[in-house]
Chemist: 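Before we start, here is the structure in question, set down as structure tokens.
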Amino acid sequence: MQKQYFSDLPKHVKSFSPISEPDRELIDLAFNKKKADERKSWLGDFVPGTYLDQSASNISISDFINKELILFSVADNTRSIPSIMDGLKPGQRKVLFSCFKRNLKSEIKVAQLVGYVSEQSAYHHGEQSLCATIVNMAQDFVGSNNINLLLPIGSFGSRLQGGKDAASSRYIYTNLNPLTRLIFSEHDDPILNYLDEDNVRIEPEYYVPIIPMVLVNGADGIGTGWSTSIPNFNPLDVLKNIRKLMQNEKMDEMAPYYKNFRGEILRQSEGKFVVNGIVEQLDEYNSEILELPVGTWTQTYKEYLENLLQNGVIRDYKEYHTEKKVNFLVTSFKKFPLKISTTLTTSNMVCFDSEGKIKKYETPLEIIKEFYYTRLRFYTTRKEYRLKAIKEELNKLENKARFIREVINGRLVINNRPTDSIVRDLESMKFDRFDNFEYLLGMKISSLTKEKVEKLNKECEEKRTEYETLSRKSAYDLWSEDLDKFEAAYIKVFEEDRAEYDAEVSKKSKKPLKKKFSTQELAKYGVIAESSSIKKLDKKETTSVQKKVKSKTKANDKPDKKSVKVTKKKAKSNEQPVKKIKTEASAKSFGAAVESDSSEFSNPGINTGILIIKYLVINFQNIMCCFGVSEVQNTRLIFEILASWCVFLKFCTQVP
DNA sequence: GTTTCCGCTAC
DNA sequence: AGACGTAGCGGAAAC
């Protein structure tokens with residue numbers, strides 16, 4: 001399809017109408033970094049089903065922005081922001097759907113799962129993204145998931161580097177977490193609203209887990225106009241509040257919670273929490289760091305300590321941590337307050353609600369409430385669906401039982417009679433037809449034995465009981481059963497996991513003897529003679545020391561293993577900016593990108609195209625700089641560059 | 001007070 | 001194959 005599209009490129013190359021004054025404001029609305037809130041309302045007014053007329057050869061800027069660019073922005077949000085019902089983004093949902101569809105029971109290589117997912121769930125994007133999504137869903141180190149829906153079998157990354165240390169998808173395996181099906185119940189599978197892609201049933205609009213998973217594992221996402229940031233909460237807290245709602249009681253306030261985190265999370269103010277690590281002061285000079293705040297990775301903290309060391313703020317530090325355990329020993333010249341706390345906020349919790357509308361939630365309790373009512377309705381639907389299904393099964397069984405009775409007592413004769421005649425008898429005896437009576441006539445002859453007859457009667461009885469039992473249960477009863485079952489399993493897994501962590505943490509590491517400095521040593525380091533000058537390195541000095549360190553590192557050109565993280569520094573405004581276009585990298589990535597694209601747009605290449613346009617607009621000044629133009633006055637030029645993108649595509653398709 | 005960085009799905 | 005660079009938003013850290 002794409003080949004065909006590009007072979008007829010002249011037909012698809014459009015030119016922009018001359019730019020008008022209102023257009024300038026629209027361009028600003030679309031691209032200005034400071035106008036996220038304006039973009040929120042711009043997107044809010046979007047009418048689904050709006051498309052750019054593809055037959056027109058001339059496109060006005062306003063049509064382009066309001067009918068084409070907005071489609072990209074909407075898609076950007078849907079893929080980046082989760083649903084309040086299952087806490088999943090479409091990519092993650094496709095992964096889960098595919099695992100369920102495959103009835104994943106034994107471990108599978110991540111790279112292989114990626115292939116399966118893109119095939120089964122119409123995933124139209126790059127494999128790298130999907131790999132990262134799967135790895136993310138399976139991570140279980142402190143600060144990642146509270147309940148990882150997939151299992152990490154192999155190196156899925158650790159808190160050393162915040163998961164960036166994961167191995168390649170070729171080397172690692174995954175499987176469904178046994179808890180996953182307890183949360184995403186099989187009984188709900190038939191009542192979900194499945195989406196359709198080219199007449200193939202793919203993942204549902206959203207799953208309906210038994211607790212709001214968006215709070216359990218949190219979420220982070222960046223879209224257009226909107227972004228979201230939801231911290232993790234304790235599944236047991238969430239569960240308890242769901243029960244409270246069922247009892248019509250007031251819910252308890254909740255603070256964020258991270259599995260196996262040993263520090264503390266305290267409410268500082270409305271929607272703001274302080275996250276503290278653990279430092280133990282061993283003696284005047286030595287302190288031991290036993291835990292870092294959530295999201296502060298061990299490697300990052302090491303670099304922070306290294307900086308302090310280089311700047312002469314601390315004397316030494318030693319590391320005894322493992323993948324799971326944080327453990328630094330810091331030796332300072334004096335009591336030095338180590339930075340060991342961060343904050344978490346609940347001020348930007350954005351989700352799509354059950355109606356598919358993007359919405360900001362102020363508190364976790366508001367999220368639970370909204371989840372609750374929709375989920376409750378799904379339990380009612382589940383009950384109705386299940387009753388109907390049991391009734392059908394029972395009906396079939398009863399037909400079979402009656403059929404056998406009639407054969408045995410001779411009122412229905414089968415032996416040596418033509419089928420048509422038997423079928424007429426069956427009709428007059430009012431048997432249900434289902435599959436043209438094959439379910440009756442196709443029964444084994446052994447069904448007529450005493451044992452089988454008794455067994456069939458028993459099955460009928462069981463079905464009747466099942467029907468009766470279920471019809472007496474309320475939606476609340478069904479939900480409670482699910483919650484109880486999950487809670488028991490979760491606590492068991494949780495305790496095992498915690499025991500493993502405790503064992504790891506309490507394992508004695510070979511610590512050096514606590515070191516006390518002799519007077520001579522202190523004098524040697526200048527602590528005694530000039531203690532005041534050391535303990536208060538003022539800002540100026542710190543900076544100069546830092547500079548020194550940096551230049552030294554550069555001069556050596558041989559950074560040792562404990563090298564200081566050299567922060568990227570853009571040229572300052574007073575210096576002549578060194579503007580550079582990474583032409584090769586960009587062209588390469590763009591060239592590759594036009595090959596694939598998602599089908600949610602009217603034309604192939606739109607997703608990529610919009611990204612390129614954004615890139616061009618944002619970096620416009622840079623590009624012109626290469627041609628010796630220092631500043632561009634005419635915004636229209638931007639869109640002429642866009643036109644050259646089309647020429648570029650044409651060029652690509654002409655390469656033999 | 002301003003700039004940079006982080007997190008994440010996509011290219 | 002791996003390393004790198006881009007968009008987009010909000011908030012914290014760094015300058």
Side-chain angles (χ1 to χ4, degrees), chain A residues 30-37 39-40 43 69 72-73 75-82 89-92 94-95 111 123-137 143-144 162-164 167-170 218-231 271-272 274-275 293 295-297 300 304 307 339 341-350 360 539-540 542-543 546-547 565 567-573 580-598 600 605-619 622:
Chain A
F31 295 107
N32 190 331
K33 287 228 177 292
K34 290 173 187 161
K35 302 217 164 163
D37 285 336
R39 284 192 281 278
K40 283 186 182 71
L43 285 161
L69 185 83
F72 172 88
S73 305
D76 190 20
N77 284 336
T78 37
R79 71 168 166 234
S80 305
I81 289 166
K89 301 170 187 171
Q92 300 168 323
K94 282 174 191 293
V95 171
Y123 181 85
H124 305 294
H125 306 285
E127 300 199 340
Q128 267 188 9
S129 311
L130 196 49
C131 280
T133 300
I134 294 175
V135 167
N136 235 308
M137 288 172 79
S144 59
K164 289 201 177 78
S168 164
S169 63
R170 299 194 302 285
D220 287 286
I222 311 166
T224 299
W226 299 87
S227 69
T228 188
S229 175
I230 303 174
K272 194 160 181 183
V274 177
V275 188
T296 301
W297 312 121
T300 317
Y304 167 74
N307 238 314
K339 189 195 64 137
S341 83
T342 57
T343 53
L344 278 176
T345 56
T346 52
S347 52
N348 188 34
M349 303 195 294
V350 178
K360 185 176 162 187
K539 245 188 177 174
K540 240 181 184 172
T542 316
T543 324
Q546 245 170 352
K547 274 185 187 161
K565 185 185 179 187
T567 45
K568 286 180 198 169
K569 250 193 173 175
K570 289 268 158 73
K572 287 199 177 145
S573 53
K580 234 167 82 182
I581 302 184
K582 295 151 297 280
T583 36
E584 202 186 336
S586 304
K588 195 173 146 194
S589 112
F590 289 167
V594 294
E595 288 170 13
S596 75
D597 221 312
S598 86
E600 63 236 48
I606 293 303
N607 208 6
T608 311
I610 300 285
L611 280 173
I612 297 171
I613 289 168
K614 278 173 177 279
Y615 178 85
L616 289 178
V617 171
I618 300 298
N619 293 287
N622 284 5

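In the text below, chain A, chain B and the rest are named by the order of the sequence lines, each starting its count at 1.
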Chemist: Would you say a side-chain N or O of A:R79 is under 4.0 Å from OP1 or OP2 of B:dC11?
Modeler: no
Chemist: Measure from the side-chain heavy atoms of A:F31 and tell me the nearest of C:dA1, C:dG10, C:dG8.
Modeler: C:dG8
Chemist: Given atom CG of A:L130 and atom P of B:dC11, what is their separation to the nearest angstrom?
Modeler: 11 Å
Chemist: State, to 0.1 Å, how close A:S227 and A:V350 come at their nearest heavy-atom pair, and which atoms those are.
Modeler: O-CG2, 3.2 Å
Chemist: Does B:dC8 have OP1 or OP2 sitting under 4.0 Å from an N or O in the side chain of A:W226?
Modeler: no
Chemist: From C-beta outward on A:H125, which listed nucleotide comes closest to its side chain: C:dA1, B:dA10, B:dC8?
Modeler: B:dA10
Chemist: Of all residues at least two apart in sequence or in a different chain, which pass the side-chain contact (heavy atoms from CB on, under 4.5 Å) check with A:I222?
Modeler: none
Chemist: Base, sugar-phosphate, or nothing for A:S347, non-hydrogen atoms under 4.0 angstrom?
Modeler: sugar-phosphate
Chemist: For the side chain of A:N136, counting heavy atoms from C-beta on, which of C:dC9, B:dC11, B:dC8 is nearest?
Modeler: B:dC8
Chemist: What does A:T345 touch in the nucleic acid at a heavy-atom separation under 4.0 angstrom: a base, only the sugar-phosphate, or nothing?
Modeler: sugar-phosphate
Chemist: Within the pair A:Y304 and C:dA13, is there a side-chain N or O less than 4.0 Å away from OP1 or OP2?
Modeler: no
Chemist: Would you say that A:T228 contacts A:D220 through its side chain, given a criterion of any heavy-atom pair below 4.5 Å between the two side chains?
Modeler: no
Chemist: Rounded to the nearest Å, what distance is computed from the CD1 atom of residue A:I230 to the P atom of nucleotide C:dC9?
Modeler: 18 Å
Chemist: Whole angstrom is fine here: how far is it from CG in A:N307 over to P in C:dA13?
Modeler: 16 Å
Chemist: Give A:G225 one of three labels, base, sugar-phosphate or nothing, depending on what nucleic acid heavy atoms sit under 4.0 Å from its own.
Modeler: sugar-phosphate
Chemist: Are side-chain heavy atoms of A:M137 and A:V95 found at a separation under 4.5 Å?
Modeler: yes
Chemist: What is the nucleic acid contact for A:K360, judged by heavy atoms within less than 4.0 Å: base, sugar-phosphate only, or nothing?
Modeler: nothing
Chemist: Nearest-Å distance, NE2 (A:H124) to P (B:dA10)?
Modeler: 12 Å
Chemist: Of A:S168 and A:K34, whose nearest nucleotide on DNA chain C comes first from the 5' end?
Modeler: A:S168
Chemist: A:N77 CG to B:dT9 C1': how many Å, rounded?
Modeler: 12 Å
Chemist: For the P atoms, the ones on B:dC8 and on C:dA1, what distance do you get once it is rounded to whole angstrom?
Modeler: 25 Å
Chemist: Are A:N348 and A:S229 linked by a side-chain donor-acceptor pair shorter than 3.5 Å?
Modeler: no
Chemist: Nearest of C:dC9, B:dA10, B:dC8 to any side-chain atom of A:K89?
Modeler: B:dC8
Chemist: Rounding to an integer number of Å, can you tell me how far A:D37 CG sits from C:dG11 P?
Modeler: 10 Å
Chemist: What nucleotide among C:dG2, C:dA12, C:dG10 has an atom nearest to a side-chain atom of A:K40?
Modeler: C:dG10
Chemist: Nearest to the side chain of A:I222, heavy atoms from C-beta on, is which of B:dA10, C:dG8, C:dA12?
Modeler: C:dG8
Chemist: A:T133 has a side chain; which of B:dA10, C:dG10, C:dG2 sits nearest to it?
Modeler: B:dA10
Chemist: Measuring only the C1' atom in each nucleotide, how far is C:dC4 from B:dA10? A whole number of Å is fine.
Modeler: 16 Å
Chemist: Applying side chain to side chain contact (heavy atoms under 4.5 Å, CB included), run through A:V275 and A:T343 and close with a yes or a no.
Modeler: CA-CA 6 Å; A:V275 188; A:T343 53; over 6 Å; no
Chemist: How far apart are the closest heavy atoms of A:S129 and A:Y123, and which atoms are they?
Modeler: CB-OH, 3.5 Å
Chemist: At under 4.0 Å between heavy atoms, what does A:K272 touch on the DNA or RNA strands: base, sugar-phosphate, or nothing?
Modeler: sugar-phosphate
Chemist: How long is the line joining CE of A:M349 and C1' of C:dG11, in whole Å?
Modeler: 15 Å
Chemist: Would you mind classifying the nucleic acid contact of A:Q92 as base, sugar-phosphate or nothing, using non-hydrogen atoms under 4.0 angstrom?
Modeler: sugar-phosphate
Chemist: May I ask you to say what A:K164 touches in the nucleic acid, namely base, sugar-phosphate or nothing, with a heavy-atom cut-off under 4.0 Å?
Modeler: sugar-phosphate
Chemist: Could you tell me how far apart A:L344 (CG) and C:dA12 (P) are, to the nearest whole angstrom?
Modeler: 9 Å
Chemist: Go through B:dC11, C:dC9, C:dA12 for me and flag the one nearest to the A:R39 side chain.
Modeler: C:dC9
Chemist: Could you check which of C:dA13, B:dG7, C:dG10 has an atom nearest any side-chain atom of A:D220?
Modeler: B:dG7
